[in-house]
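Report on the structure given below.
Lettering follows sequence order; numbering is per chain, from 1.
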Protein chains: 2
Amino acid sequence: MLDDKLELESFLPYRLYHIADLVSREFAKIYKDRLGLTRPEWRVLAGLGQHGAMTAKAIGEQSAMHKTKVSRAVAELERRRWLTRTPDETDRRVEHLTLSKAGQTVYAEMVPLARAFERRLSRAMGAARFAEFEYGLERLETFMLEGGLSDE
Amino acid sequence: MLDDKLELESFLPYRLYHIADLVSREFAKIYKDRLGLTRPEWRVLAGLGQHGAMTAKAIGEQSAMHKTKVSRAVAELERRRWLTRTPDETDRRVEHLTLSKAGQTVYAEMVPLARAFERRLSRAMGAARFAEFEYGLERLETFMLEGGLSDE
DNA sequence: TTTCAATGGTTACATCTGTAACCAATTCAG
DNA sequence: CTGAATTGGTTACAGATGTAACCATTGAAA
């Protein structure tokens, strides 16, 4: 290929972002339709369902969301009574968030949707290639979080 | 793993999106710092540099951007005199966009930055794994654009 | 022709996101 | 202790994005 041109379609950062976006939107369509969740709300629910009780800060860390995003998603889920806040006994800045019964029900619906979606992807790629791909992501993530930052 | 819980950190759509975001932001930092470009502007420039002259519509198709995003990025690049518009001879709705001299200079600066960044990723993953990973993306993309849509 | 649907592109509006400022509570240093 | 710096969390504001409405032009049908 010519050295003074760049083929956008095969440039990895572009490709990666584009495809991630396709996948994410496609999946979001599913849970938005059936459960009325936005992506941040889905993630909060996923965190609480998985861990039982978390602070807003912990949710942000686990799911890579900005604290304002978490704050807003939590407020909305609380409004729908899918979670409740419990003040921490010893540190009154902190609130522990837990899913309500209703929230647990929604979580129980969202898990199989997620599994099914992932299974579709895995099948489309082939299980072996899927695993290999996940490992590639692993490497990429490690690199980005560690060394990637400094110029070469 | 328990069947009624989902491990967010290893859920592919989440992982994929998160890592794509990391990569994209990291790369954006570079060209924003050095060239003062937003992501949509970078993509428009990439399209024009690669193809010479395009309509706004074609740019949107090549780089997977909504037409309003393209419209705004083009307006900004025009304001900086990095591209010019030429009305189509036969269809007066259409404008052909081309890089100005200044625009070509910026393009010439952005290409090596892109290559260098991609090379860093490739090196971090190992060339073989990188290629395998690209192929995985390929499969994923095909699936999303074709069959992925219908419920299983 | 004349009319009506479709197309390239821009703009108005609502929504979402991040930055920064903020509040209350807590911790740490002197 | 007391005051400054830190932390969990919310909110105000500004910027980016998508949806929908729009304008001008073209194509197709009657």
| message | What I want to check is whether an N or O donor and acceptor connect the side chain of A:Arg93 with the base of D:dT7 at under 3.5 Å. | response | yes
| With sequence neighbours left out, what residues match A:Tyr31 under ring-ring contact (aromatic ring centres under 6.0 Å, His included)? | A:Phe27, A:Trp42
| message | Does A:Arg39 qualify as a cation-pi partner of B:Tyr17, given the criterion of NZ or CZ under 6.0 Å from the six-membered ring centre and within 45 degrees of its axis? | response | yes
| task | Please check the phosphate of D:dT10 (OP1 and OP2 only) for any side-chain N or O of A:Arg85 closer than 4.0 Å. | result | yes
| remark: Among D:dT11, C:dT17, D:dA20, the one nearest any side-chain atom of B:Thr68 is D:dA20
| remark: Taken to the nearest whole Å, CE/B:Met54 to C1'/C:dG9 is 16 Å
| said: From CG of A:Asp21 over to C1' of C:dT17, roughly how many Å is that when rounded to an integer? | reply: 15 Å
| query | Can you check the B:Arg25 CZ to C:dT17 C1' distance for me, whole Å? | reply | 9 Å
| Under 4.0 angstrom between A:Arg92 side-chain N/O and C:dC23 OP1 or OP2 | no
| task | Would you please confirm or rule out a distance under 4.0 Å between OP1 or OP2 of C:dG18 and any side-chain N or O of A:Lys69? | result | yes
| request: Select base, sugar-phosphate, or nothing to describe what A:Thr55 touches, counting heavy atoms under 4.0 Å on all strands. | output: sugar-phosphate
| CG of B:Leu83 versus P of C:dG9: gap in Å, rounded? | 13 Å
| message | Determine whether a donor-acceptor pair (one donor, one acceptor, N or O, separation below 3.5 Å) exists between the side chain of B:Arg72 and the base of C:dG9. | response | no
| Between C1' of D:dT10 and CE of A:Met65, the distance in whole Å | 16 Å
| note | Comparing nearest nucleotides in DNA chain C, the 5'-proximal residue of the pair A:His66, A:Asp91 is A:His66
| field | With B:Leu83, the side chain to side chain contact (heavy atoms under 4.5 Å, CB included) member among B:Leu48, B:Val106, B:Leu45 | value | B:Leu48
| task | Find the distance B:Leu97:CG to C:dG9:P and express it as a whole number of Å. | result | 7 Å
| Looking at B:Val70 and B:Ala56, what are the two nearest heavy atoms and their distance? | CG1-O, 3.7 Å
| task | Could you tell me whether the phosphate oxygens of D:dT10, OP1 or OP2, come under 4.0 Å of any side-chain nitrogen or oxygen in A:Ser71? | result | yes
| request: Round to a whole Å and report the spacing from NZ of A:Lys67 to P of D:dT11. | output: 13 Å
| message | Which nucleotide wins on minimum distance to the side chain of B:Glu95, given the candidates C:dT10, D:dG8, C:dG8? | response | C:dT10
| request: Grab the CZ-P distance between A:Arg39 and C:dT15 for me, whole Å please. | output: 18 Å
| task | Answer yes or no: does a side-chain N or O of A:Lys57 lie under 4.0 Å from OP1 or OP2 of D:dG9? | result | no
| task | State whether B:Asp88 and B:Arg93 are salt-bridged, where the test is any N-O pair (Lys NZ or Arg NE/NH1/NH2 against Asp/Glu carboxylate O) under 4.0 Å. | result | no
